[in-house]
Structure formats: structure tokens, C-alpha cells
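Every chain is numbered from 1 and lettered A, B, ... according to where its sequence line falls, protein lines coming before strand lines.
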Amino acid sequence: MTDLLGLRTHRNGDLREGDVGTDVVLCGWVAKRRDHGGVAFIDLRDASGVVQVVIHDEAVAHPLRSEFCLRVTGTVTRRPEGNDNPNLATGTVEVEATEVEVLSDSAVLPFPIEEHEATQVSDEVRYKYRYLDLRRAESAAAIRLRSDVNRTARRVLHDEDFVEVETPTLTRSTPEGARDFVVPARLRPGSWYALPQSPQLFKQLLMVGGLERYFQIARCYRDEDFRADRQPEFTQLDIEMSFVTEDDVIALGERIVRELWALIGHEIDTPIPRMTYAEAMERFGSDKPDLRFGVELTECTELFAGTTFKVFQAPYVGAVVFPGGAGQTRKQLDAWQDWAKARGAKGLAYVLIGDDGELKGPVAKNLSDAEKDALPGHVGAEPGDAIFFAAATPRAARALLGAARGEIARQAGLIDESAWAFTWVVDAPLFEPTSETDDVAVGSGAWTAVHHAFTSPKPECIDTFDTDPGSAVAYAYDIVCNGNEIGGGSIRIHRRDVQERVFQVMGLGPEEAEEKFGFLLEAFRYGAPPHGGIAFGWDRICALLSGAPSIREVIAFPKTGGGFDPLTSAPAPITAQQRKEAGVDARPEQPAATKVEPTTPQPT
RNA sequence: GGUCCCGUGGUGCAGUUUGGAGUGCACGCCGGCCUGUCAAGCCGGAGGUCGCGGGUUCAAAUCCCGUCGGGACCGCCA
């Protein structure tokens with residue numbers, strides 16, 4: 001490694017007893033100052049750590065303040081007997097200063113950098129002064145871990161002969177599901193670029209281009225509302241391969257994930273188990289089940305097939321057991337009703353099992369004796385447990401029960417926070433009815449793609465997916481960690497005829513498909529190889545690895561929930577001159593609907 | 001688009017339920033003292049548009065309405 005020490009001879013955190021007697025020059029920031037009058041101690045921090053500097057000249061030490069940037073000349077000495085600090089890696093030595101140069105002084109800080117105990121600073125202030133926040137060990141560690149994560153992924157992928165390719169970030173708006181960020185095109189007033197929601201189409205074109213193995217740590221943009229784990233711009237590790245099967249992509253994905261978790265000292269058992277989408281929904285009420293705990297759903301439709309209880313006269317009745325939940329107060333049980341209503345349900349029916357085994361609660365008296373006798377055994381509930389029910393369409397009821405399952409686990413303390421539970425969820429449906437999603441972004445048909453429009457049906461439904469879309473299974477796979485979808489991908493459609501049939505199911509006619517995806521369909525005319533890939537949610541993976549509650553912690557300069565950057569104050573108004581130049585206000589010459597654009601031109 | 005929580009010296013909080021003088025705590029900051037600390041200690045001091053606007057009231061940090069900002073969640077995010 002090149003010696004890049006520059007203005008200094010050593011890094012602060014590297015000094016040890018073996019360096020005693022060495023004359024050193026150090027650089028760094030004043031982390032802490034302890035001035036005793038005749039002698040003063042400065043904790044000098046750089047990226048490597050902290051070392052104690054001793055200054056015997058009061059006139060030198062006194063003006064120094066927190067976060068002054070210093071260059072210190074001195075000698076490494078053994079600390080006097082009994083003065084070691086076992087909390088510091090450098091705690092047995094100190095640097096006797098002979099000269100202190102103030103490289104840069106510091107204004108009074110807006111918040112404390114050296115934190116000792118619980119003093120939390122609001123995210124907004126931290127991100128406004130992110131450059132100060134990054135001086136804090138915890139923040140810096142998260143950013144450094146992300147760098148390690150990037151390096152590891154690149155190493156693995158280069159090992160496997162992957163080619164790192166950068167794809168455009170000024171591209172064409174292609175309806176993929178989310179709202180696009182758009183950028184006015186100065187040279188073509190009235191026309192707009194879109195920022196990519198993912199490099200999906202480009203990576204498929206790279207496969208047509210014969211690169212065979214592509215990857216990119218790709219920035220993606222989606223103009224949707226934000227959450228703790230969603231930012232308007234985010235990063236994917238994007239991968240695509242030609243001439244591969246689902247098993248090949250999964251095997252590569254497992255190698256990557258294994259090596260990433262090895263960074264934090266966790267060994268993932270491979271192969272990672274797989275379950276089908278249908279199984280995940282039936283057992284866990286989620287397409288991204290958290291497998292750190294049990295509490296599985298039980299279907300009770302049969303059990304209540306002849307019930308007189310109107311609420312349970314539904315296409316699907318399911319239950320989930322809250323172990324020990326019978327002891328909840330009325331207030332807690334009412335809170336569950338509010339919780340369910342917040343999720344769009346009418347409420348959450350429940351039965352409590354007393355210690356004597358008797359079923360209690362408002363629902364119990366609506367059940368027949370036979371139903372009451374069979375219920376505990378059927379759902380696996382014991383005296384002292386509570387049973388929650390949902391009765392509706394399978395889809396809606398399972399979603400509610402799945403959410404309840406997670407909430408039960410949190411409340412009952414069933415989650416082992418140190419555990420890592422991975423699973424692949426495979427065989428997702430290819431289509432879902434638009435009526436259940438209101439998602440009409442792509443096409444106008446009764447069906448829309450669950451994954452995206454380029455996902456291949458599995459071979460067994462290649463002939464039937466357009467005659468029976470509801471039963472078609474996609475060649476898709478998601479990897480789930482502790483209830484988080486950390487990656488997902490699919491084998492793509494490489495046949496133009498299949499692609500056209502998929503578009504047709506989605507109500508996308510040839511003309512419209514041509515207008516929106518013409519360049520891809522055109523490419524597929526020229527010997528497109530079978531291909532597939534996967535994209536990992538890079539921010540989320542980094543957040544999981546660093547134990548951060550939000551992906552903001554692993555983003556160098558994150559935005560707040562309103563998409564606002566508190567540091568630069570972006571977004572900001574532009575001048576009238578900028579508006580004019582950018583062509584923001586240009587009006588299309590014709591209404592867009594009647595204007596069919598030429599198919600192929602796709603400048604890159 | 002919806003629900004909930006938060007907004008009080010530079011930072012983090014308490015005070016709001018039950019209206020009564022900008023009251024309190026910790027950290028930080030400034031000055032002084034102090035030669036072995038490491039969350040140094042001791043003494044003294046400065047620092048406030050209680051997010052903003054309106055209303056109720058003799059009186060509002062406190063009650064009401066609106067609004068802005070932050071956070072979490074639902075919708076949304078293939």
C-alpha cells in the first residue's frame with residue numbers, strides 16, 4: 001500500500017507501546033479537551049482512532065477547542081503507572097507535544113460530536129450537518145461498511161467474469177409501475193428525459209449485446225412517498241446473465257449474500273431454503289415472511305363451513321395464535337381493533353382461551369359447541385392463548401393475519417434480534433388482477449404483472465398463461481431476510497412472441513407496446529439469448545448489516561421524508577432564465593395521444 | 001390521499017392532562033481556578049419568537065382552529 005501519510009508520520013489510532021520513543025507528527029481533530037491548568041490532555045481523533053496528546057504549555061493548550069483541526073509534533077511515551085485507559089486501543093501510550101499547529105479552528109458545534117450516553121440528535125439536524133455527523137464513530141462505521149459491501153460484491157462478481165457497465169441515468173420514461181422523475185431536455189423543448197427506476201431494460205439489451213454477464217451498482221429513482229427504508233434515490237446491485245437457469249442465478253445470489261454477511265462475522269448456511277409464493281402466503285400471510293419466529297397462520301375455512309356466525313361466512317377464514325395473549329387487557333384488545341382498522345379491515349375478531357380451557361370473548365358466544373371444541377386443536381392454541389381471526393377474500397385476510405403475526409411476535413418478544421433468517425420465495429404469480437391493485441400504470445387490461453412485464457412464465461405455463469392468467473406462475477424469485485425483501489429477480493422473456501402475448505394479457509396492444517418498448521422488442525428480433533438476473537436492495541442490505549433502523553444511516557447524504565435534502569436545501573426554485581432555457585414550459589405541438597413517436601431511436 | 005406521535009436557550013428532555021411571571025434538569029458554550037485527566041473537577045456567567053398564524057380568556061408553552069417542519073405507519077412503491 002502506498003504511504004499516503006502526507007502531513008503526518010503516523011495515524012493516531014495505530015500508536016502502540018512499540019512506538020514509545022518515536023518522534024511523530026499527527027493530524028486530527030480535537031475530540032475532547034481536559035485542561036488542568038499546568039497540564040492539558042487532548043484526545044486527537046483521525047479516521048483511524050484516537051490518541052491522547054499531552055500539552056504542558058498552558059498558553060498552547062488553552063485556546064484549543066472542540067473540533068479544531070490540528071497538526072501535532074511530539075514524542076510517543078509510555079503512560080505513567082496507573083494512567084492507562086483500557087477503553088482506547090492506544091490507551092497505554094500518549095504523545096508528549098512539542099509543537100501544536102492549528103490547521104483550522106472550529107465554530108461552536110450545532111450538536112455534540114463525541115457522544116457518551118443517550119444523547120440522540122434529531123435526524124434533521126444530523127443530516128443538515130451530515131459532514132459533522134460523519135465524524136461520529138457510528139455514522140462513519142456505517143459508511144465504511146457500505147464501502148466494504150461494495151468491494152466484496154465487485155470481487156465476487158469479477159471473480160465470476162462479470163462486466164461492470166454503467167447505464168444511462170438520463171433515459172426514456174418507460175411505464176414500469178412507479179412515478180418517474182423527469183428532466184427537461186433543453187435541446188428538445190417539450191421533451192423530457194426520465195431518471196431510471198432501474199436499469200432493467202438496459203441490462204436486457206446488454207444481454208442481446210452478448211456481454212453475457214453484467215453487473216452494476218446502480219442508482220435508481222422512483223418518485224413515490226418515502227419510508228424508513230425508502231428514499232427517492234436508492235441503489236441496487238443489478239445483475240443479469242445469459243444462458244442460465246433460475247438455479248444459476250440463485251446460486252450466484254447465495255454466494256454474494258454469504259460473502260456479505262461474512263463481513264459481519266455471520267456464516268449463512270447454504271443452500272438457503274426455498275418456499276413457493278403460495279406457501280409463504282398460506283403459512284405466513286406475506287410474500288416476505290420473517291422466519292425468525294413461528295406463529296403461523298391456520299386456515300379455518302372448512303372448520304367454519306357451516307357456521308351460523310355471519311362474520312365467518314366468508315370465502316376464507318384464517319387464524320393466528322397469540323401465545324399467552326388471553327391475558328391482554330380490554331384496552332389492549334381494543335387497540336388491536338384500531339390496529340386492524342388502520343389496515344383497512346373492519347376489525348380483528350378474537351377468541352381468548354381461559355386457563356381452564358374455556359373460550360371467551362365476544363366471538364366465542366357466536367360459535368357452536370362443535371366449533372368451540374374443534375378450534376383450539378385446529379389452530380394449535382393452548383389455555384392462556386388468544387386466537388385472532390380474519391374472514392374475507394384469501395388475499396385480504398392473509399394480509400391482515402400476516403401483519404398481525406409480525407405484531408404478535410413483537411409484542412410477545414418472540415423475535416431473536418441476533419438471528420438471521422433467509423429464504424427464497426419462488427414461483428410468484430405472473431399476473432394479478434388490476435382490480436385488486438388499482439395499478440393501471442402498464443396497459444389497460446384486467447391483469448397486470450406482479451414482478452414486471454418482462455418476467456417469463458415458467459415453462460409449464462408457457463402455453464396457457466394468456467388463456468388462464470390467474471394460474472400462471474412466473475419464473476421469479478425473491479430473497480428475504482428477516483422479513484425484508486433484500487433482492488429479487490427473474491428469468492426474462494427472450495422470445496418476441498411470448499413478450500407480445502404477455503403485453504396482450506396486460507391490455508397492451510401492439511401499437512402501444514411498440515411505442516413504449518419498441519426498442520426492446522426490436523432488439524429481441526436479433527437473436528436474443530435466454531437470460532435472467534437479480535437486483536439486490538443495496539441500501540437495505542447495508543442497513544441490515546450495520547444494524548441501522550433506517551437506510552438513511554447507510555446513505556452519505558440522505559433526504560428527509562418529504563424528499564428534502566436538509567444540507568443543500570434541495571429541491572429549490574430555479575430562475576426564470578433557467579426555466580426558459582430548460583424548456584420546462586414548452587407546450588407540445590400536438591396532443592400527445594394522437595402523436596405516435598418513431599419506434600427505435602433511443603439515444604444513449 | 002389517510003392515521004398517529006413530536007416541535008420549549010446550541011443539543012437532548014421535563015413542564016401541556018388541571019391556563020396564573022420563560023419555571024426546571026442534563027450536556028454544550030463563555031470567564032476564572034486547577035500539574036495526570038480520559039464523560040476531568042470546582043466557582044461564576046451568558047443564552048428563549050415555547051415552530052408559525054389566528055381564536056377563546058383578565059391571563060395561553062398549556063385550551064380550540066389552521067398551517068409549516070420532522071418521524072412512524074396505511075395507501076402507493078412492477
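The side chain of A:P112 lies closest to B:U11, out of B:C38, B:C34, B:U11. Here the side chain of A:F111 is nearest to one of B:C38, B:U11, B:C29, namely B:U11. Looking at the side chain of A:N87, the nearest of the listed nucleotides B:A39, B:C76, B:G31 is B:A39. Distance from the side chain of A:H36 is smallest to B:G36 among B:G36, B:C73, B:U11. With B:G36, B:C76, B:C29 as the candidates, the nucleotide lying closest to the side chain of A:D225 is B:C76.
A:K341 has its NZ atom 14 Å from the P atom of B:C4, to the nearest Å. For A:R33 and B:G28, the CZ to P distance is 11 Å, given to the nearest whole Å.
When the side-chain nitrogen and oxygen atoms of A:N83 are compared with OP1 and OP2 of B:U37, one or more of them lie within a distance under 4.0 Å. In terms of phosphate contacts, A:K32 brings a side-chain nitrogen or oxygen within less than 4.0 Å of OP1 or OP2 of B:A40. When the side-chain nitrogen and oxygen atoms of A:R65 are compared with OP1 and OP2 of B:C30, one or more of them lie within a distance under 4.0 Å. Considering only side-chain N and O atoms, A:R227 lies under 4.0 angstrom from the phosphate OP1 or OP2 of B:C74. Close to B:U37, at under 4.0 Å from its OP1 or OP2, lies no side-chain N or O of A:R34.
When heavy atoms are screened at a 4.0 angstrom cut-off, A:P110 is found touching the sugar-phosphate backbone but no base atom. Residue contacts for A:R179: at a heavy-atom cut-off of 4.0 Å it reaches no nucleic acid atom on any strand shown. As judged by a 4.0 angstrom heavy-atom cut-off over every strand, A:D223 is placed among residues making no nucleic acid contact. In this structure, A:E94 reaches the bases: a heavy-atom distance under 4.0 Å links it to at least one base atom across the strands shown. Residue-level contact check: A:D478 touches neither bases nor backbone, having no heavy atom under 4.0 Å from any strand.
The salt bridge (Lys or Arg N to Asp or Glu O under 4.0 Å) pairs that include a residue from residues 547-556 of chain A are A:R126-A:E553, where partners are two or more places apart or lie in different chains.
In this entry B:C58 has B:G20 as its Watson-Crick or G-U wobble partner, both defining distances falling under 3.5 Å. Base-pair partner of B:U3: B:A72 (Watson-Crick or G-U wobble, both distances under 3.5 Å).
A perpendicular orientation is assigned to the rings of A:Y131 and A:Y129, their planes being inclined by more than 60° (bins at 30° and 60°).
The main-chain N or O of A:T235 is found under 3.5 Å from a side-chain atom of A:D539 such that the two form a donor-acceptor pair.
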Please list, pair by pair, any protein nitrogen or oxygen found under 3.5 Å from a nitrogen or oxygen in nucleotides 68-70 of chain B.
residue, atom, partner, partner atom, Å
B:G69, O2', A:E124, OE2, 3.2
B:G70, OP1, A:T560, OG1, 2.8

Report each atom pair, protein N/O against N/O of nucleotides 44-47 of chain B, whose distance is under 3.5 angstrom.
none

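Using a cut-off of 4.0 Å between Lys/Arg side-chain N and Asp/Glu carboxylate O, A:R130 and A:D133 are scored as salt-bridged.
A gap of 40 Å separates the C1' atoms of B:G75 and B:G19, to the nearest Å. As rounded to the nearest Å, B:G51 and B:G2 have C1' atoms that lie 24 Å from one another.
Aromatic stacking of A:F41 on B:U37: satisfied, with centres closer than 5.5 Å and planes within an angle under 30 degrees.
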